[in-house]
Amino acid sequence: EFNDVTHVLVDPSCSGSGLAADSATGSALASEYDQPSVNSGTLAVVGGGASDSHKVSNLAKAQVEILLHAMRLPNLQVVAYSTCSVFREENEDVVL
């Protein structure tokens, strides 16, 4: 069914940690991911709580699955991967 597809943009759901402003008002928004982590240094989650890092970890797992699914297309040549996250776990760790 998708034999003609050669290029794919993968823009999966993410933590949204890289969103700096509300597009409607232009004002900066505080996020639950704005505070430095006390855990790993790669996640910036409020208080370094296990539930927040668990959410990011679950998002990253889903992102990997979406990317792998896209890569099964028989004639795929190019994959572009995009998130609005600043976390390595949702970016580099997904594509490397």
Which heavy atom in Pro12 sits nearest to a heavy atom in Ser82, and how many Å separate them?
-> CD-O, 3.4 Å
Interatomic distance, CG@Asn58 vs OG@Ser53, rounded to 0.5 Å, equals 9.5 Å
Val8, Val94: one ILVMFWY side-chain cluster at the under-4.5 Å cut-off?
-> yes
Worked check of side chain to side chain contact (heavy atoms under 4.5 Å, CB included) between Asp52 and Lys55 = CA-CA 5 Å; Asp52 291 330; Lys55 288 178 191 175; 4.1 Å; yes
Donor-acceptor pairs under 3.5 Å, side chain of residues 67-81 to any protein atom, not counting sequence neighbours: which ones?
unit_1 : atom_1 : unit_2 : atom_2 : d
His69  : ND1    : Arg72  : NH2    : 2.6
Asn75  : ND2    : Asn3   : O      : 2.5
Tyr81  : OH     : Gln63  : OE1    : 3.4
Tyr81  : OH     : Glu90  : O      : 2.9

Rounding to 0.5 Å, atoms OG (Ser17) and CG (Leu19) come to a distance of 7.5 Å
Kindly write out the residues that satisfy salt bridge (Lys or Arg N to Asp or Glu O under 4.0 Å) with Asp11, not counting sequence neighbours, or none if the list is empty.
-> none
